[in-house]
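Below is one structure; the comments refer to it alone.
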Amino acid sequence: MAQKTQGLNRGWVWAIAAVVAAFVVYFVYNSTRPTVAVTAVKVTRSDIVSTVPTNGVVVLTREFQAHAAAPGVVDQLFVKVGDMVSAGQRLVEMDASDARNRVATARATLQGAELGLKNMEGGGSQDEQLADRNNIAAAQSDEQQAATSLAALQKLQAQGAASANEVAAAQQKLSQAQMRLSQLQSHRTQRYGSGDLASQRAMVAQAQAGLAAAETAYADVDIRAPFAGTVYTIPVTRYDFVQDGALLLAVADLTKLQVKAYFDEPEIGKLQAGQPVTIAWAAKPGLAWHGHILKAPTTVTTYGTRNVGECLITVDDARGDLLPNTNVTVTVTTQKRTDVLSLPREALHTQGTNDYVFRIINGALVKTPVVTGVVNLVQFEIVSGLKEGDVVALHSTDGAELKDGVRATAQFQ
C-alpha cells in the first residue's frame, strides 16, 4: 500500500513539473519573441462615398450665333462681351446699302417675269394685241371685199357677162382671205404653247425665291437676340469688312449648360444615368457646380492617348459664371453608403480574391477574413467579419511586415 501511495505522489510531482515547465516555456517564448509597434484604429460607423474623377469640356445647350448673310461692313455693335441681353434686343447691324440694292434688283426681276407671264396668258403684250386686232380687222375687210367681188362676178356670169375663169379666180381670192383671217384669229388665241407658259412660270418662281432671299438678307442686316442670354464672344469690331458667313457674335443661355466628360475605359462600367456629379473649374478655385449624368457612355473612342467613353452631364445649378468651352474637372459619385462599419483603406489586405485585416487580440495580431462593400481611396465598408469597436492594425511604425500571431503594441491613430 505504501508503494502504491508513493507511486501516485510521484505521478503528481511529474504532472506539476510538466505544467510548470510549460508555463516556463510559454513565458520564455513570449518574453523572447519579437514585438511589433503598430498604428491601430477601432472599427467605427461612417458614411462612405465612391467617386470617379475625370476631365471634361463645358458645352452649350442653347446658343445663337450671328453670321453675316452677305459680304459687308459691320455698321453698329450694340453690345459687348458679358452683356446680358433680352429676347428681341438689337445686337449688331451691318451696312444695309448693298442689301437694299439686292432687294431692288430682285424685285425688278420678279416684276419683269410676272409681266411676261401675264402677257403670255393674255395672248401677248398690249402692242402685240393691238397689232393682232389691226391685222384681223384688215383681214376681215379683205374677206368682205373678196366675198362681194365673188358675188358680183357670179351674177354677171349668170347674165353671160363674166367668164368661168373670172369667177374661179374670185373664189380663190376669197378662200385665201378666209384662210388668212383664220390664221390671224388662231395666232391671237394660241400665240404661246404650254411649254412656253411652263417656262415663264418657272422664271416667276425663281424670281420670287430670289426676292425672298434678298429680303431675308436685308432683314438679317439688323440682328436681334432670339432669346434672353449672355453675349460670350464678339470676334469683330465696328467698320470691319467681313465675308459671307463670317461669325459676328454669339449669345448663349449660360444657365443651361452641359459637360462632355471623358472617362477611361475601366471606369465606364461604374457609370449610370442620374448619378450625381460635382464640377470644378481651375479658373475659379473654391467654387463648385453640381449636376447629374444625362447619358452614360455607349461606346469607346480614342481621345488623345486614352481609350475613353464620352459621357454627357447636365449642370443643374449653372448660374452664368461657368463659361462655355472651358476645361473642367468632374467627379461622379458612383456609390454612397451611410452609417456603415468602416476602416481606413490601408488596413485592408488582399490575397488572391480574399480580403483580410489584422485584428489586435490580447496583444497579438490575428489575421481576420472580412467581406467588403464600397471601397474608395480612403476607406472601405465592412459587410461582415468585424464588429464595431474591434481594434485593427493599420501598419507597423518601423516598416516591419505584419504577420499572424506576432505580438503587437498598439498606438491609436
Side-chain angles (χ1 to χ4, degrees), residues 14-54 263-272 275-278 329-413:
W14 283 107
I16 292 172
V19 170
V20 171
F23 273 109
V24 170
V25 170
Y26 178 77
F27 176 77
V28 171
Y29 171 76
N30 280 288
S31 62
T32 58
R33 68 175 176 168
T35 299
V36 177
V38 298
T39 301
V41 294
K42 290 184 178 181
V43 177
T44 59
R45 289 188 173 274
S46 65
D47 298 340
I48 300 180
V49 176
S50 180
T51 61
V52 178
T54 191
F263 291 88
D264 290 320
E265 188 174 354
E267 309 292 349
I268 294 176
K270 302 176 183 179
L271 305 176
Q272 295 180 6
Q275 289 174 330
V277 180
T278 301
T329 300
V330 300
T331 303
V332 179
T333 299
T334 57
Q335 289 180 295
K336 184 175 182 179
R337 301 276 288 163
T338 58
D339 194 31
V340 294
L341 296 178
S342 65
L343 280 171
R345 177 67 182 271
E346 59 184 314
L348 183 64
H349 303 271
T350 301
Q351 185 174 13
T353 59
N354 300 317
D355 295 327
Y356 62 92
V357 299
F358 287 104
R359 278 194 298 167
I360 302 175
I361 303 176
N362 297 326
L365 300 179
V366 177
K367 183 178 179 180
T368 305
V370 294
V371 176
T372 62
V374 177
V375 179
N376 60 29
L377 296 176
V378 179
Q379 57 186 159
F380 66 96
E381 176 191 3
I382 303 161
V383 176
S384 64
L386 296 172
K387 64 181 183 299
E388 188 173 0
D390 283 347
V391 178
V392 176
L394 296 180
H395 54 78
S396 65
T397 58
D398 59 0
E401 182 181 0
L402 303 183
K403 294 183 179 180
D404 188 33
V406 172
R407 289 175 57 82
T409 56
Q411 300 176 4
F412 284 93
Q413 182 171 284

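Just so we're clear, the structure is a prediction, and the values are computed from it rather than from any experiment.
Separation of atoms OG1 (Thr44) and CG (Asp339) is listed at 10.0 Å; rounding is to 0.5 Å. The CG atom of Leu377 lies 6.5 Å from the CZ atom of Arg345; values are rounded to the nearest 0.5 Å. How far CZ of Arg337 is from CZ of Phe380: 14.5 Å, rounded to the nearest 0.5 Å.
In this structure, His349 and Tyr356 have parallel ring planes: the angle between them is below the 30° cut-off, well short of the 60° mark.
Across all their heavy atoms, Ser342 and Ser46 have their closest contact at OG-OG, 2.6 Å. Ala347 and Val357 make their closest contact through O-CG1, 3.4 Å (heavy atoms, listed as atom of the first residue, atom of the second, distance). What you find for Leu365 and Phe358 is that their closest heavy atoms are CB-CD2, 4.2 Å. In terms of heavy-atom proximity, Phe263 sits nearest to Val332 at CZ-CG2, 3.4 Å. Between Glu388 and Arg45 the shortest heavy-atom distance is OE1-NE, 3.5 Å. Taking each heavy atom of Leu271 and Thr334 in turn, the nearest pair found is CD2-CG2, 4.4 Å.
Checked by atom type, the side-chain pair Thr51/Thr331 shows no donor-acceptor distance below 3.5 Å. Counted by atom type alone, Asp355 and Thr350 present one or more donor-acceptor pairs between their side chains at under 3.5 Å. For Gln413 and Lys42, the side-chain atoms include no donor-acceptor pair closer than 3.5 Å.
Side chain of Gln275 to main chain of Gln272: a donor-acceptor pair is present (N/O by atom type, distance under 3.5 Å, no hydrogens or angles). Put simply, the side chain of Asn376 gets close to the backbone of Gln379: a donor and an acceptor are under 3.5 Å apart.
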| Residue pair Thr338, Asp47: steps toward the side chain to side chain donor-acceptor pair (under 3.5 Å) verdict | CA-CA 4 Å; Thr338 58; Asp47 298 340; 4.7 Å; no
